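Presented below is the structure to which this report refers.
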Amino acid sequence: MKISPYQPDQSGMAYSVGTTLDRFINLKQNDFPFASGELSQLLRDIALAAKIVNRETNRAGLANIGGAFGQTNVQGEEQQKLDVIANIRFMRALSKGGEVCAIVSEEEDAVIDLQNNSGKYVVAIDPLDGSSNIDVNISIGTIFSIYRRKTPLGQPIQSEDIMQPGKDQVAAGYVLYGSSTMLVYTTGFGVNGFTYENSLGEFFLSHPNIQAPKKGGIYSINEGLQNEWEQSVKNYVDHCKDQRYAARYIGSLVADFHRNLLKGGIYIYPATTKNPSGKLRLLYEANALAFIAEQAGAVATNGQKSILDLSPNILHQRTPLIIGSERMVEDYLKITKQEEPSYPS
Ligand code: AFP
C-alpha cells in the first residue's frame with residue numbers, strides 16, 4: 001500500500017485565505033500569552049449578531065421589515081425597522097457575554113450601562129448605517145469600536161470610560177451587507193477582511209492584511225450640498241475634477257469607505273451650513289473607520305487634526321470626516337489650508 005504524507009497549504013499557513021473567523025481569532029489570541037480571551041469572545045459575539053442582521057437584511061424585501069418604523073432616533077433621523085432590529089440584535093449579543101460594561105449606540109439617547117462592573121470593555125456601535133438605503137436594495141453596514149474601560153473593574157462606569165479618544169481603541173471594525181457580506185476588523189495589528197459564506201454560516205478570511213493604495217482615482221462627497229461648503233472644500237473638489245478622478249458616492253458610509261479602502265480614494269463629509277460640525281458621529285462612525293484606515297496605511301482627519309486625537313465632549317458628537325488614501329488626504333489638507341474658512345452667505 002502506498003502512503004503519502006499530507007502536504008499542508010504553504011500559503012502563509014495560519015492566516016491563509018479561507019481560514020474561518022473563529023479560527024483566526026483563536027490564532028491571533030495565541031500571539032498574546034496573557035490574553036484572557038474576553039476580547040476574542042466579544043469579537044465572536046459581534047460576528048454572531050452580524051450574521052443575524054445579515055439574515056434579516058436579506059429577508060427585508062420579503063418579510064415586510066423594510067421601511068420606516070414610525071419613530072425618530074436621538075439624531076432626529078427617521079428610524080427604519082431594520083435599524084431597530086439591528087440595535088436589538090447587537091444589544092443582546094453585547095450584553096450576554098459578560099465582557100462589556102457599557103454600550104453607546106446611534107439608536108440610543110444615553111449610554112447603556114449594562115450594570116456589569118466586571119465587564120472590561122466599552123463598545124460604541126452604529127448597528128445599521130446607511131439604513132435609508134435598505135428599501136432600495138443598496139449596501140448598508142454596521143460600525144463598531146471597542147475600548148478598554150479606564151476605571152478599575154468592579155466599580156460603576158464613569159464618563160471617562162466612555163468619552164475616550166479614538167487612539168485608545170483596542171479594536172474596531174465594520175460589517176458591510178453588500179453584494180456579499182463582509183466583516184473587516186483590526187485589533188491594532190493590521191486589517192483583515194472576512195467574507196460570509198451563507199450556506200456554511202461562516203465568515204472566511206478573504207482579504208488578509210489589507211493595505212490601502214497610497215493614491216487613488218476616486219473622490220466621494222455629497223455634491224448636492226456644494227452650496228453649503230466652505231470655499232476651500234470647493235477648491236479641493238475642483239482639483240479632483242482637474243485630475244479626472246471618478247466621483248463615486250453611495251450614501252452608505254461603510255460602503256463608500258470600503259470601496260475607497262480597497263481601490264484607493266478619498267471620502268469627504270465636510271462641515272456644511274446645516275451641519276457646521278459635520279454630519280458623521282465621532283464615537284461610533286469616524287473613530288472606528290479612522291483606526292481601520294490608519295492600520296491599513298490610509299489617513300483620517302477632521303481637516304485640522306487626526307480623527308484619532310479628538311477627545312469627545314458629548315456622546316453623539318459629530319465631526320467632519322476626510323478619510324482615505326494618504327496622498328489624497330495630504331492634497332486635501334494642502335489645498336484647503338490655503339483658504340480662510342468662510343461659509344457662503
Ligand atoms: P442613515 O443611516 O440615516 O442613512 O445615515 C447615513 C450616513 O450617516 C452615512 O452612512 C452616509 O455616508 C451619510 O449619512 C450620507 O449623508 P448624506 O445623505 O447627507 O450625504
Side-chain angles (χ1 to χ4, degrees), residues 53 56-57 60 65-90 104-109 124-145 172-178 182 184 218-230 233-234 237 240 247-261 265-290 292-293 300 302 307 315-324:
V53 172
E56 307 292 358
T57 307
I65 50 178
F69 179 64
Q71 284 180 18
T72 52
N73 67 12
V74 61
Q75 326 288 336
E77 296 158 345
E78 192 176 42
Q79 281 182 311
Q80 304 293 307
K81 287 180 199 166
L82 262 175
D83 275 328
V84 177
I85 292 172
N87 192 42
I88 293 170
R89 294 301 187 189
F90 278 102
V104 177
S105 165
E106 188 197 22
E107 303 302 328
E108 306 281 347
D109 194 359
I125 188 160
D126 183 350
L128 209 58
D129 181 68
S131 51
S132 49
N133 282 325
I134 296 166
D135 284 351
V136 283
N137 215 357
I138 289 174
S139 301
I140 48 181
T142 296
I143 312 175
F144 61 91
S145 289
Y174 60 82
V175 186
L176 174 61
Y177 311 96
M182 280 193 73
V184 176
I218 296 172
Y219 74 101
S220 309
I221 186 168
N222 182 347
E223 288 201 66
L225 302 180
Q226 178 166 352
N227 293 343
E228 296 191 32
W229 302 337
E230 292 176 359
V233 178
K234 292 181 185 172
V237 170
C240 292
R248 296 284 183 272
Y249 190 77
I250 296 168
S252 265
L253 175 60
V254 174
D256 280 311
F257 173 78
H258 180 74
R259 180 200 54 237
N260 292 0
L261 181 73
I266 184 169
Y267 177 94
I268 305 163
Y269 208 111
T272 60
T273 36
K274 183 179 168 209
N275 287 307
S277 304
K279 178 186 176 192
L280 302 173
R281 278 53 65 118
L282 177 61
L283 273 176
Y284 40 80
E285 292 182 316
N287 273 345
L289 300 187
I292 294 164
N302 68 354
I307 291 289
L315 204 56
H316 297 286
Q317 185 165 325
R318 295 173 190 268
T319 178
L321 178 65
I322 300 96
I323 190 165

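Please read all numbers here as calculations on a predicted model, not as lab measurements. First listed ligand is number 1; within each ligand, the first listed atom is number 1.
- Near S131, the atoms of ligand 1 lying under 4.0 angstrom from a non-hydrogen atom of the residue are 1 (P), 2 (O), 4 (O).
- Using a distance-only test at 3.5 Å, with no hydrogens or angles considered, a donor-acceptor pair links the side chain of R318 to the main chain of K279.
- Using modelled atom types and a 3.5 Å distance limit, the side chains of D83 and S131 yield a donor-acceptor pair.
- In the candidate list V254, I221, L321, D129, D129 is nearest to atom 10 (O) of ligand 1, counting heavy atoms.
- The closest heavy-atom contact to atom 14 (O) of ligand 1, among the options K274, E223, K279, R318, comes from K279.
- Here Y267 has side-chain heavy atoms under 4.0 Å from ligand 1, and that is the only part of it that gets that close.
- Below 4.0 Å from some heavy atom of L280 lie the following atoms of ligand 1, by number and element: 8 (O).
- Only the side chain of N222 comes within 4.0 Å of ligand 1, judged by heavy-atom distances.
- Listed by number with element, the atoms of ligand 1 under 4.0 angstrom from any heavy atom of L253 are 9 (C), 10 (O), 11 (C), 12 (O).
- Heavy atoms of D256 come nearer than 4.0 angstrom to ligand 1 in no pair at all.
- With hydrogens and angles disregarded, no donor-acceptor distance shorter than 3.5 Å links the side chain of D129 to the backbone of S252.
- Residue Y249 approaches ligand 1 through these ligand atoms, each under 4.0 Å from one of its heavy atoms: 12 (O), 15 (C), 16 (O), 17 (P), 20 (O).
- Residue E106 has no nitrogen or oxygen atom sitting less than 3.5 Å from a nitrogen or oxygen atom of ligand 1, judged on distance alone.
- For E285, the heavy-atom gap to ligand 1 drops under 4.0 angstrom.
- Side-chain contact between Y267 and L289 is absent, with no heavy-atom pair separated by less than 4.5 Å.
- An N or O contact shorter than 3.5 Å links G130 to ligand 1 by distance.
- Where the criterion is an N or O separation shorter than 3.5 Å, residue side chain and backbone included, L225 fails it with respect to ligand 1.
- Considering backbone and side-chain atoms together, S252 places no N or O closer than 3.5 Å to any N or O of ligand 1.
- Within the 3.5 Å criterion, the main-chain N or O of I250 finds a donor-acceptor partner in the side chain of D256.
- Side-chain N or O atoms of H316 include none that pairs as donor or acceptor with a backbone N or O of R281 at under 3.5 Å.
- Applying the 4.0 Å criterion to heavy atoms of S132 picks out, from ligand 1, the atoms 4 (O).
- In this structure, F90 has its ring center no closer than 6.0 Å to that of F144.
- No donor-acceptor pair under 3.5 Å is formed between the side chain of R89 and the backbone N or O of E56.
- Checked against L315 for a side chain to side chain contact (heavy atoms under 4.5 Å, CB included), the options D109, L282, L283 give a single hit: L283.
- A donor-acceptor pair under 3.5 Å links the side-chain atoms of T142 to the main chain of P127, judged by distance alone.
- Distances below 4.0 Å separate heavy atoms of R281 from the following atoms of ligand 1: 8 (O).
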